[in-house]
There are 2 protein chains.
Amino acid sequence: MSKRSPLVQSVERAVSILKSFSASEPELGVGEISRRVGIPKSTVFRLLATLEEDNLISQDPDTGLYRLGIELLVLANNAMISTDLQRVARPILRHLARDLNETVTLTILDAQDVVNLELFASPERMIMRVGWVGRRMPVHATSSGKAIIAFKTEEEQKNILPSELEGYTPQTVTNHSQLKTDLLQVREKGYAIALEELESGLNALAVPIRNHEGEVIACVSVSGPSHRFTEKYVYEIIPSVLKTSTQLSSELGYRNGF
Amino acid sequence: MSKRSPLVQSVERAVSILKSFSASEPELGVGEISRRVGIPKSTVFRLLATLEEDNLISQDPDTGLYRLGIELLVLANNAMISTDLQRVARPILRHLARDLNETVTLTILDAQDVVNLELFASPERMIMRVGWVGRRMPVHATSSGKAIIAFKTEEEQKNILPSELEGYTPQTVTNHSQLKTDLLQVREKGYAIALEELESGLNALAVPIRNHEGEVIACVSVSGPSHRFTEKYVYEIIPSVLKTSTQLSSELGYRNGF
DNA sequence: AACGCTGTTCCGCTAAGCGAAACAGCGTTA
DNA sequence: TAACGCTGTTTCGCTTAGCGGAACAGCGTT
């Protein structure tokens with residue numbers, strides 16, 4: 001959301017520096033950061049020094065490279081105990097994860113991606129645990145993304161989806177009209193399935209969660225490796241996940257079934 | 001660490017605003033933040049607007065109160081795939097969590113607190129899952145804190161420990177000389193135990209992890225509710241956790257036993 | 001030795017950021 | 001109903017915080 005009041009440029013720059021790191025590129029130098037965010041090296045250096053003072057950034061003394069610091073974990077921890085949705089969802093999704101013995105997440109739409117807010121999984125099932133909470137994922141290549149945007153207007157969908165749908169695997173839907181058809185089906189059936197669309201070997205099922213106004217605000221997603229979480233098994237657990245979503249939506253004040 | 005180069009005041013202020021939120025007080029108003037961080041309201045307002053633009057902060061439109069935003073979860077996610085320690089520790093601690101069927105964490109010392117970097121637990125065991133990764137805890141009232149500082153010099157211990165040891169439960173050690181005795185025992189036995197010291201009903205065992213230089217850089221901690229994770233059971237699993245720590249330390253290049 | 005890159009420091013300049021004061025709105029009280 | 005006390009938000013004159021180009025120190029490579 002664009003605020004009318006002037007913003008603080010130094011803070012905007014500091015945040016864009018924080019955002020320049022990724023899970024796939026956790027370590028960057030001053031020059032590389034300068035190039036990526038378009039800020040002169042001396043300015044980047046000063047901003048990094050400030051972030052380092054508060055442990056949002058740390059520097060490897062051997063290589064001189066910078067990385068995100070653990071104070072971000074602390075701030076994220078403080079950020080997590082937040083909404084009614086999360087408080088209501090936790091016991092219900094924990095129960096579902098125990099029943100299914102697969103990875104269960106609570107996922108929301110944020111700008112043009114979906115992001116996991118909560119994760120429930122057994123340690124032996126957490127093969128892909130790294131990165132789940134806080135992980136941003138493309139809307140078109142995930143069951144979560146489809147489960148949420150299927151219930152948006154066409155105008156909203158157009159604003160959310162990029163013009164070029166990136167293909168992450170051979171199974172990713174990269175054709176806009178095919179995606180549109182898929183979204184109509186999601187709307188009709190009340191759930192979305194993604195079979196190896198985001199990553200090879202990863203299957204997922206997602207069901208939307210509605211608030212008291214009937215608006216889709218999040219979804220429950222179940223995922224696992226395709227050798228275990230087979231297409232057949234995905235279909236078997238649909239009733240269970242639909243029921244969980246209905247229970248959650250109901251506790252949030254939603255009064256209609258599908 | 002104090003940098004000599006001048007820091008950016010606006011960024012320092014923005015970070016102190018982020019730090020003013022806590023798990024126990026997730027929502028604050030402009031005036032309250034202004035009082036807490038000692039910055040005039042108009043300045044706080046402008047800094048909040050900037051942080052909101054990047055979703056590090058969000059404002060409840062109904063109440064006007066502010067809370068930490070989900071971009072912090074995204075940044076924390078990107079921060080997590082970081083050190084050799086974590087990469088080495090993950091499979092080993094996952095295995096331990098499966099064997100023990102209790103909550104297992106990887107914990108480090110950060111300034112004057114201990115902070116959990118990784119968490120492994122079954123969904124049905126995650127009663128206290130909320131807040132673990134990124135949670136800051138007092139050194140003197142946790143098995144993790146004791147397991148780590150026991151191997152510091154007395155000078156370092158003095159710098160780490162607050163002059164007044166806060167009592168969180170009747171069992172918390174709040175006397176400096178008693179704590180000193182406890183730390184000597186930890187050093188001798190190679191592990192630390194905290195029985196209901198941080199929270200009533202919470203027991204924990206922690207064992208230090210050494211790097212290739214023999215320096216204690218983290219610890220493995222196992223915790224659970226005292227009705228299940230009884231004192232008797234805590235003692236039963238000591239060999240298992242010691243073995244895990246030895247394995248971890250060994251993979252980090254440490255070449256001696258205790 | 002020269003080169004190319006890195007992270008880091010310096011310092012003159014200027015506009016970004018500050019903060020006091022005021023405003024608009026809301027809930028409470030008399 | 002008016003006054004009050006608090007909130008979040010806006011304005012604008014002032015000044016120094018922050019900028020960024022240039023230079024430096026160090027390191028690895030040729």
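Every chain is numbered from 1, with letters handed out A, B, ... down the list of sequences.
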Original post:
Which whole-number value in Å describes the distance from B:Glu12 CD to C:dC18 C1'?
Top reply: 16 Å

Original post:
Once you round to the nearest 0.5 Å, how far does CG of B:Leu68 lie from CG of B:Asn55?
Top reply: 12.0 Å

Subject >> Residues in contact with DNA chain D, drawn from residues 30-38 of chain A - heavy-atom cutoff 4.0 Å >> reply: none

**OP:** State, with a plain yes or no, whether a side-chain heavy atom of B:Tyr66 is found less than 4.5 Å away from one of B:Gln59.
**Re:** yes

Original post:
Taking atom CG of B:Asp110 and atom CD of B:Gln112, what is their separation to the nearest 0.5 Å?
Top reply: 10.0 Å

Original post:
Sequence neighbours excluded, which residues qualify as side-chain hydrogen bond (donor to acceptor under 3.5 Å, both in side chains) partners of B:Thr244?
Top reply: none

**OP:** Encode nucleotides 25-30 of chain D as B, S and - characters from 5' to 3', where the letter depends on protein heavy atoms closer than 4.0 Å: B to the base, S only to sugar-phosphate, - to neither.
**Re:** ------

**OP:** Specify the separation, in whole Å, of atom CZ of A:Arg67 and atom P of C:dG7.
**Re:** 15 Å

**OP:** Between protein and nucleotides 14-23 of chain D, map the contacts as a letter string: B base, S sugar-phosphate only, - none, heavy atoms under 4.0 Å, written 5' to 3'.
**Re:** ----SBBB--

**OP:** Figure out the CG/C1' separation between A:Asp62 and C:dG7, and round it to whole Å.
**Re:** 15 Å

Subject >> Consecutive-pair stems (at least three Watson-Crick or G-U pairs, under 3.5 Å) that include DNA chain D >> reply: C:1-30 with D:1-30

**OP:** Using atom CG of B:Leu48 as one end and atom P of D:dT7 as the other, report the distance to the nearest whole Å.
**Re:** 14 Å

Original post:
Looking at A:Ile17 and A:Leu48, what are the two nearest heavy atoms and their distance?
Top reply: CG2-CD2, 3.8 Å

Subject >> Heavy-atom check, side chain of B:Ile108 versus side chain of A:Ile70, under 4.5 Å >> reply: yes

**OP:** Assess the side chains of B:Thr142 and B:Ser144: does a donor N or O sit below 3.5 Å from an acceptor N or O?
**Re:** no

Original post:
Does anything in residues 29-40 of chain A pair up under salt bridge (Lys or Arg N to Asp or Glu O under 4.0 Å), and if so which pairs, sequence neighbours excluded?
Top reply: A:Glu25-A:Arg36, A:Glu32-A:Arg35, A:Glu32-A:Arg36

Original post:
With side chains defined as the heavy atoms from C-beta onward, is the minimum distance between A:Ile33 and A:Phe21 less than 4.5 Å?
Top reply: yes

**OP:** Grab the CZ-C1' distance between B:Phe45 and D:dT11 for me, whole Å please.
**Re:** 12 Å

**OP:** Output, in order, the C-alpha distance, side-chain angles, deciding distance and verdict of salt bridge (Lys or Arg N to Asp or Glu O under 4.0 Å) for A:Arg136 and B:Glu71.
**Re:** CA-CA 10 Å; A:Arg136 279 190 181 279; B:Glu71 192 63 29; 2.6 Å; yes

Original post:
Does A:Gln59 have a side-chain nitrogen or oxygen under 4.0 Å from the phosphate oxygens OP1 or OP2 of C:dT6?
Top reply: no

Original post:
Is there a side-chain contact between A:Ile209 and A:Val216 (heavy atoms, below 4.5 Å)?
Top reply: no

**OP:** Kindly give the heavy-atom pair with the smallest separation between B:Thr105 and B:Asn116, and that separation in Å.
**Re:** OG1-OD1, 3.6 Å

Original post:
OP1 or OP2 of D:dT9 sitting under 4.0 Å from any side-chain N/O of B:Tyr66?
Top reply: yes

Subject >> Spacing between A:Leu65 atom CG and C:dT8 atom P, to the nearest angstrom >> reply: 10 Å

Original post:
Sub-3.5 Å donor-acceptor pair from the side chain of B:Thr172 to the main-chain atoms of B:Tyr168, do we have one?
Top reply: yes

